[in-house]
Amino acid sequence: MDIRLTVNGRPHTLDVDPRMSLLDLLRERLGLIGSKKGCDHGQCGACTVLVEGRRANSCLALAVAMDGLSVTTVEGLADGEHLHPLQAAFIEHDAFQCGYCTPGQLCSAAGMLGEPGPSAVTENLLDDPELTPHEIRERMSGNLCRCGAYVNIVSAISEVAR
Amino acid sequence: MNRVEGRVKVTGLATYAAEYPVEGVAYAYPVQSLIAKGRVARVDAAAALDLPGVLAVLSVADPPELAEDADAELALFQRREVAYRGQIIAAVVAETYDQARAAADAVRVEYEPADHDVSLRADHPGLYRPEVVNPNFPSDTEQGDLEAGLAQAAAVVDVTYTTPVLHNNAMEPHAALAVWDAEGTLLVYDSTQGATTDRDMIAKTLGLPRGRVRVVARHVGGGFGSKGTTRPHAVLAALAARVTDRPVKVALTRQQMYDVTGYRTPTIQRLRLGADGEGRLTALEHVAYEQSSTLKEFAEQTAVPARVMYATPALRTAHRLVRLDVATPSWMRAPGECPGMYALESAMDELACATGIDPVELRLRNEPETEPGSGLPFSSRDLAGCLREGARRFGWERRDPEPGVRRDGEWLIGTGVAASTYPSKRSPCQAVACVRDGGFLVQVAAADIGTGARTALTRIAAETLGVAPDRVHVELGDSDLPAAPVAGGSMGTASWGSAVVRACEELKKDGREGRADTAEEVGQDSELARHAFGAQFAEVRVSAVTGEIRVSRLLGVFAAGRIVDARLARSQFIGGMTMGLGMALMEETLTDEEFGGFLRRDLAQYHIPACADVPDVEAVWLEEEDERLNPMGSKGIGEIGIVGTAAAIGNAVHHATGHRVRELPITPAKIVMARF
């Protein structure tokens with residue numbers, strides 16, 4: 001099936017297998033290996049990308065459903081040579097070890113910083129809450145890290161959220 | 001100094017095994033056994049071969065040529081006998097991943113099933129004493145008169161602890177991309193903890209000389225032991241590529257990882273401890289019951305840490321193994337020490353309760369002069385310092401020993417402590433250092449699985465050469481580089497670093513190049529008890545309503561020789577402790593008694609800690625000089641972080657609730673049920 005989508009600002013027209021996930025499209029067809037396959041079931045978050053600016057598990061999105069949409073992957077976060085503030089903070093805070101969950105953590109954090117409204121741990125439901133470590137931990141719990149870098153991930157995101 | 005490869009990891013450019021850009025790649029997808037024991041009677045590939053894009057079907061119906069002495073877990077499609085549910089019995093190769101996966105579903109397999117036995121029990125009639133336990137310890141030891149020691153004790157603890165099947169679950173699923181060249185040389189991009197050893201094993205399995213195989217693994221998405229040995233996906237990729245004359249990629253699914261990439265054996269551990277009125281041990285017995293497969297023996301060294309920890313006039317340790325119709329267990333972070341210290345340190349807490357002695361003080365009173373099991377002097381041992389410093393930082397002196405009395409609304413609060421230990425050894429390694437482009441190039445076939453090996457070795461080389469780290473470039477992750485041992489056993493930095501130091505010393509003398517092989521140096525290492533030690537302190541909040549357990553504080557204090565890089569070390573320690581938190585509260589693979597194999601084969605059912613589970617983990621270390629270990633004076637730190645965490649948390653749960661849960665993981669159900 002033919003689809004047109006924009007990835008990191010670049011338009012693509014592709015003929016895709018209707019079974020193909022957005023993640024496999026990115027990795028196997030477009031050579032964008034930054035988005036990782038950790039579970040292929042939406043359970044680990046390693047494949048997180050931004051679709052129309054909102055974070056999404058690309059393993060749970062069919063490529064054909066992306067027709068006409070705009071996708072940002074970890075490769076599209078930096079501005080040329082200038083790292084995104086989250087990327088720089090992840091390096092400074094040693095917020096990763098093996099690096100395999102890192103692209104998903106970064107895209108998830110980038111999407112999370114712009115999300116309005118309360119979370120499950122927000123006390124006051126009326127105002128947009130302050131991004132305390134408690135709030136960040138809750139909002140970042142869709143992205144698993146087996147190396148156990150959470151403490152550093154939260155401190156890196158906190159620095160950027162300030 | 002930041003991680004050397006930090007920038008490529010945060011920009012998505014770091015290349016893992018399945019990600020190398022190779023033209024004309026085909027995809028292989030395994031077919032797994034649906035029975036746990038029996039025979040494959042027939043494989044019907046006709047329907048699969050008719051599907052679009054399918055290039056080949058491999059199976060026991062047409063066994064590919066492999067070395068006769070191939071490892072039983074790697075000897076793909078050689079025998080019709082099935083050893084466990086999930087074993088790879090066939091595979092489809094196709095133009096695309098989706099085609100291969102769909103065609104694998106279309107392969108029809110007929111079985112002749114036999115009755116299976118997949119249940120570990122402490123009274124299993126098949127239990128036997130293995131000759132040795134990993135890597136080469138005697139299975140049983142006995143010193144002094146155990147029964148007399150127990151008989152004269154003022155307090156005795158006789159308890160059984162169990163740990164479940166645990167899975168490593170590195171974030172990067174095991175994958176390999178195999179490429180044969182026209183001369184018949186094989187290149188495998190593999191997710192491995194050791195390019196040299198992986199190369200050797202793949203060559204041996206295929207019956208090739210080592211020089212005809214190359215393994216490349218520049219970035220590896222975690223391993224925690226599961227990538228420490230060659231797994232069948234790599235052999236499958238090589239075979240499929242040979243059959244189709246195409247480069248072939250095999251990327252296991254998360255579910256398949258549970259079946260064919262190893263796991264930590266479940267354990268049943270009986271501990272008998274006796275102590276006099278002052279809390280001094282009069283006897284210590286640790287017996288571990290574990291499983292292996294019918295394919296080969298893997299004997300986890302679970303009771304071995306009891307030979308290291310405490311002074312006692314009577315010490316007995318033993319391991320009993322049973323061979324079941326299961327996949328072969330394998331390495332998982334701190335094999336032996338992790339499950340063994342969970343049980344021992346939980347039992348020590350029970351002894352503290354039984355004697356009325358503070359658990360920190362109890363451990364201090366049982367500090368040995370020399371290693372209890374061997375009588376060897378310690379190269380260094382500062383468990384006492386870790387316990388004291390941890391107690392000071394954690395505010396331990398304010399602790400009321402009474403269990404089940406602190407409450408904040410629905411939350412019961414408690415604190416616990418446990419000791420950590422892990423061996424500090426090294427293996428022979430080669431390295432080359434030379435002048436290159438105005439800087440220095442250091443080559444060693446080490447692996448960086450997330451430990452920061454590139455960064456640590458850069459620092460070690462720069463310090464030896466007396467130059468700034470940015471003038472040193474370390475190349476690793478390629479079997480064409482000087483031979484190196486695996487990233488495992490917490491020996492990576494010690495082994496590779498020794499070779500890097502010697503190569504850099506030679507370079508300084510020569511001015512252009514230095515080569516090192518530490519085989520002779522390591523062979524002359526004096527006989528000493530070499531271990532790192534630590535103490536972990538946990539505070540938990542347990543809901544009296546739901547049984548939910550939250551770890552509100554976790555502190556580790558370690559004595560691990562000289563710390564090569566503070567930032568990397570802290571990340572390793574807290575990473576291990578975080579995994580230990582998972583072991584304590586949530587991680588468990590179930591064995592399917594009915595059909596064999598495992599249940600909970602994904603991350604929605606096998607829970608690993610998520611961000612919200614890990615509020616506050618702190619790791620610090622004591623200065624420790626130990627000149628006799630290696631040129632850096634370092635002890636391995638990749639594994640000790642997970643040792644003792646589960647016990648510290650379990651002991652805190654007891655302190656909070658008054659209930660002692662002796663079966664990991666400590667789930668809310670076990671807390672709630674204990675209250676009825």
Side-chain angles (χ1 to χ4, degrees), chain A residues 17 19-20 24 27-28 31-44 46 73-78 83-84 86-88 90-92 94-104 106 120-121 133-134 136-154, chain B residues 2-3 5-16 18-19 21 96-99 101-102 168-173 219-224 251 253-254 448-452 567-568 570-572 574-579 581 602-604 608-618 641:
Chain A
D17 187 320
R19 295 170 294 191
M20 186 174 247
D24 283 341
R27 286 170 64 80
E28 305 296 332
L32 292 170
I33 56 158
S35 306
K36 302 302 182 192
K37 186 185 282 192
C39 72
D40 222 14
H41 279 54
Q43 298 166 352
C44 77
T73 70
V74 71
E75 289 95 337
L77 286 184
L83 293 180
H84 186 285
L86 282 166
Q87 292 173 313
F90 266 53
I91 293 175
E92 282 305 317
D94 207 34
F96 54 89
Q97 294 183 34
C98 81
Y100 201 78
C101 75
T102 312
L106 286 163
V121 300
H134 191 47
I136 291 171
R137 282 194 288 267
E138 173 66 18
R139 288 159 190 260
M140 288 300 293
S141 278
N143 292 82
L144 299 178
C145 167
R146 188 56 159 164
C147 296
Y150 296 125
V151 174
N152 294 350
I153 289 170
V154 172
Chain B
N2 293 325
R3 269 176 210 261
E5 76 286 6
R7 194 176 174 97
V8 293
K9 282 186 174 170
V10 300
T11 50
L13 300 176
T15 315
Y16 298 80
E19 301 174 343
T96 72
Y97 179 74
D98 303 286
Q99 289 168 341
R101 187 166 189 162
N168 308 57
N169 270 315
M171 290 312 299
E172 180 207 12
H219 298 284
V220 182
F224 315 110
T253 64
R254 178 63 54 181
D448 193 336
I449 59 171
T451 53
R567 187 177 344 194
L568 296 176
R570 179 174 170 273
S571 289
Q572 282 286 292
I574 63 173
M577 292 165 70
T578 300
M579 200 182 274
L581 186 157
D602 65 34
L603 295 170
I608 66 171
C611 202
D613 295 318
V614 187
D616 181 6
V617 182
E618 191 187 350

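Quick note on labels: first sequence line is chain A, next is B, and so on, each numbered from 1.
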Measuring from [X]:[atom1] to [Y]:[atom2], what's the distance to the nearest 0.5 Å?
X	Y	atom1	atom2	answer
B/Ile574	A/Gln97	CD1	CD	7.5 Å
B/Arg3	A/Phe96	CZ	CZ	6.0 Å
B/Phe224	A/Arg146	CZ	CZ	6.5 Å
B/Tyr97	A/Arg27	OH	CZ	10.5 Å
A/Glu92	B/Asn2	CD	CG	4.5 Å
A/His84	B/Thr11	NE2	OG1	13.5 Å

Which region of [X], side chain (C-beta onward) or backbone (N, CA, C, O), has a non-hydrogen atom less than 4.5 Å from a non-hydrogen atom of chain A, or is it both or neither?
X	value
B/Pro21	neither
B/Asn168	backbone
B/Gln572	both
B/Leu603	both

Applying side-chain hydrogen bond (donor to acceptor under 3.5 Å, both in side chains), can you list everything that pairs with A/Asp17, at least two apart in sequence or on another chain?
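So A/Asp17 forms a side-chain hydrogen bond (donor to acceptor under 3.5 Å, both in side chains) with A/Arg19.
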Those residues that, when tested against A/Tyr100, pass ring-ring contact (aromatic ring centres under 6.0 Å, His included) (two or more places apart)
B/Tyr16
Could you have a look at [options] and say which one has the most heavy-atom pairs with chain A under 4.5 angstrom?
options	value
B/Arg570, B/His219, B/Glu5	B/Arg570
B/Ser571, B/Gly452, B/Gly576, B/Ala102	B/Ser571
B/Gly221, B/Ala14, B/Gly575, B/Gly450	B/Gly450
B/Leu581, B/Leu13, B/Ile608, B/Val614	B/Ile608
B/Gly641, B/Gly222, B/Ala604	B/Ala604

salt_bridge(A/Asp40, B/Arg254) N-O dist < 4.0 Å:
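B/Arg254 and A/Asp40: not salt-bridged.
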Decide, yes or no, whether a salt bridge links B/Glu172 with A/Lys36 under the criterion of side-chain N to carboxylate O below 4.0 Å.
no
[options]: which one forms the most heavy-atom pairs within less than 4.5 Å of chain B?
options	result
A/Asp94, A/Thr73, A/Val74	A/Asp94
A/Leu144, A/Leu106, A/Thr102	A/Leu144
A/Leu32, A/Asn152, A/Ile153, A/Asp24	A/Asn152
A/Pro133, A/Gly99, A/Gly34	A/Gly99

Any idea which heavy atoms bring B/Met171 and A/Cys101 closest together, and the distance?
CG-CB, 4.4 Å
Is chain B contacted by the side chain of [X], its backbone, both, or neither, given a heavy-atom distance below 4.5 Å?
X	answer
A/Ser141	both
A/Asn143	neither
A/Val154	side chain
A/Ile91	both

Evaluate the side-chain proximity of B/Pro173 to A/Lys37: yes if any heavy-atom separation is below 4.5 Å, no if none is.
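SC-SC contact between A/Lys37 and B/Pro173 ruled out.
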So do the side chains of B/Arg7 and A/Leu83 get within less than 4.5 Å of each other, counting heavy atoms only?
yes
